[in-house]
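For reference, the structure discussed in these notes is given below.
Any value given below was found using the heavy atoms of this structure, including those in side chains, with hydrogens, waters and symmetry copies removed. In the text below, chain A, chain B and the rest are named by the order of the sequence lines, each starting its count at 1.
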Number of protein chains: 2
Amino acid sequence: MAERKPRNSATGRVTLADVARALDISAITVSRALKTPERVSPVLRERITQAVRQLGYRPNHAARALATARSGNVLVLVPSLTNEVFVDVLGGIHDELQPRGMQMLIGNTHYSLREEEKQLEAFLGHAPDGILLSGLDHSPRTQALLAESRLPVVTMMELDNAADSRSVGLSQRAAGQAMTRHLITRGYRRIAYVAAQGDPRTRQRAEGYRAALAEANLDAREIWLETPSSVGLGATLLTELLAQHPDCDAVFCCNDDLAQGMLYECQRRGIAVPARLAIGGFNDLAASAWTHPALTSIATPRYDIGRQAARMLCAAIDNQEAPRALDLGFTLMARGSS
Amino acid sequence: MAERKPRNSATGRVTLADVARALDISAITVSRALKTPERVSPVLRERITQAVRQLGYRPNHAARALATARSGNVLVLVPSLTNEVFVDVLGGIHDELQPRGMQMLIGNTHYSLREEEKQLEAFLGHAPDGILLSGLDHSPRTQALLAESRLPVVTMMELDNAADSRSVGLSQRAAGQAMTRHLITRGYRRIAYVAAQGDPRTRQRAEGYRAALAEANLDAREIWLETPSSVGLGATLLTELLAQHPDCDAVFCCNDDLAQGMLYECQRRGIAVPARLAIGGFNDLAASAWTHPALTSIATPRYDIGRQAARMLCAAIDNQEAPRALDLGFTLMARGSS
DNA sequence: TTGTAGGCGTTATCAA
DNA sequence: TTGATAACGCCTACAA
């Protein structure tokens, strides 16, 4: 019985050459039949497709990457792999790259610029065709590495107005302002801002918060922690809030994790929301619409940020003309908690 | 002024040969200095390290993959990219692979065996060194592809007792039984099971549920939906539950998303938890410990499942002896909701 | 300890 | 339309 699957290569896998040999033609023709079918005669094309299927040929990406100087990889650096926000961003990128046959290489920077630097350095060896970064804050060395790589880069989450950069995101400041204005409109006057995980976006939201308060001649009440954000931390922070600002009638949490935690703790302590304390969050996580009361929040288009950023990057990789800045905006979700 | 960075290669990047040329030695020596420093004289080694740094050489993974028939890639197929459970699993895998210089290629199967098949087929071209799969249920074609690839495979989440397979997970059935027994112990007698996203694990938990009820001579009350699971669905399902089983005094939700939603809806309607209705969930998501009342749940070691599965896979890739089945167990988290 | 030769699987280039 | 040749960057095997 003849060998059905010739395995001549070192890897034990069927190669182009194997298919070519089986058909007594040259490897390059098989390659063409797969990549540019129109350049191969219909008859031969048909035979090739048959053979490819029968032998179970599967193109080797490493070889292709080597030959074309295109890896099909996109490096994605995000500050967290568990934060629902970035999970959604990654989902958008994934869905945009998948149909293009491209892959993402994910690096977790843990909200650290030093980590980002290291990750970038390590991943450059994978010869990514482009890079997706979170936020605008990067170390000098990171910037140097990026420049030296000459790879297209798209920044996600925030907006960059520099002409030579690409970014997809929203104005975190404007969003923070919108939430604060909303609370003011609702009649709250002693509004606190509670922030953890002091990343740049948190600070930008705070700027918007302060701007809105200033517009209305109100005083700021802020609590800042470097601790990573979480629902549990939110619960804990309620104590802190009431201790430092016992008079406050509303709180704007820098994200929904904190807001949810605060809400639960209010329930636990019998503090009426929003009657005694109104709560506003940020990001509109999936559960926020369902809590009791439902959480007022800022919905951020993070899935779309991922998608559009990936799309913009691919355009850049292909040297296509495309806009370099995309403001995807945000939506205030006014719900029961305010 | 001399060119500081020789860029001879097509990719415009510094190659081994560039470094070698600069030092007037051969490329292989540079290669050795990097991979097996002890095989290069200290003096030369030092000069090479210098040159590598100065020129900014970065090894090309594609070339390495081609030459060594090792891609450093691990294919990971998960049913969801947003479910906290798999996010955590991916985190564990990531943390285990990272220090080894290996990468994960992530495929989202959307809880579909057909999708899994397609993803597998597409990713095989990346020549992964091994494969990490979720669950034991796979289509015949998937199984055929796996067998043909001859790649090591580790299955996550459930346990496999077949001798020739590798798996890391827990007994979903036993966990379901433990939760139900707990509810029975607490005095509940009319316990319902509510399931969405009819995946195999959901069914195994149901088996445990039925077994525990049978032990106590109690009747089952089950609600099954194919709809994807979510907090919102949980809220909606409370109506359904009370309509179909108005007498039930406790409900075991197949996961915490549903359980949280139900809890919130109970709050909204003023249904006392656990006095009127006790609630038990599954997976112990991050927020579940903080809701009011806190949610009784089954904590699953998903991060460790990811880590151990990755570790087991790497051992297999390196042909090392290692156990082939790892039961990481679970923990009942008895809290206020029951 | 260092180097030479050749190959990994694919594609670009040029020729037939 | 098809093919020969060389190259992509690195590594294994063997030799010096």
Expressed as a whole number of angstroms, how long is the span from [X]:[atom1] to [N]:[atom2]?
X: R13(A); N: dG9(C); atom1: CZ; atom2: P; result: 9 Å
X: K35(A); N: dT2(D); atom1: NZ; atom2: C1'; result: 19 Å
X: R70(B); N: dC10(D); atom1: CZ; atom2: P; result: 19 Å
X: D18(B); N: dG9(D); atom1: CG; atom2: P; result: 8 Å
X: L66(B); N: dC10(D); atom1: CG; atom2: C1'; result: 8 Å
X: R64(B); N: dG7(C); atom1: CZ; atom2: P; result: 22 Å
X: L16(B); N: dT2(C); atom1: CG; atom2: P; result: 16 Å
X: I48(A); N: dG3(D); atom1: CD1; atom2: C1'; result: 12 Å

Is it the case that [X] and [Y] place a side-chain donor and acceptor less than 3.5 Å from each other?
X: E116(B); Y: H138(B); result: yes
X: Q119(A); Y: T109(A); result: no
X: D160(A); Y: T155(A); result: no

Please determine, for the side chain of [X], which listed nucleotide ([options]) has the closest atom?
X: S41(B); options: dG9(C), dC10(D), dT1(C); result: dT1(C)
X: R32(B); options: dT2(C), dT10(C), dT11(C); result: dT2(C)
X: V40(A); options: dT10(C), dC8(C), dT2(D); result: dT2(D)

Any R39(B) side-chain nitrogen or oxygen under 4.0 Å from OP1 or OP2 of dT1(C): no
All side-chain hydrogen bond (donor to acceptor under 3.5 Å, both in side chains) counterparts of Q308(B), not counting sequence neighbours: none
Which atom of R13(A) lies closest to which atom of P59(A), heavy atoms considered: NH2-O, 4.0 Å
Among I317(B), L151(B), D318(B), N73(B), the one residue meeting side chain to side chain contact (heavy atoms under 4.5 Å, CB included) with D129(B): I317(B)
Sorted by number, the residues of residues 24-31 of chain B with heavy-atom contact under 4.0 Å to DNA chain C: I25(B), S26(B), I28(B), T29(B)
Flag if over 12 foreign heavy atoms under 6.0 Å of CZ, R114(A): no
Ring geometry between Y111(A) and F86(A) (parallel below 30°, tilted from 30 to 60°, perpendicular above 60°): perpendicular
side-chain contact (heavy atoms from CB on, under 4.5 Å) between L34(B) and Y57(B), intermediate numbers included: CA-CA 11 Å; L34(B) 297 173; Y57(B) 167 74; 3.6 Å; yes
Residues within residues 119-126 of chain B bordering DNA chain D, heavy-atom distance below 4.0 Å: none
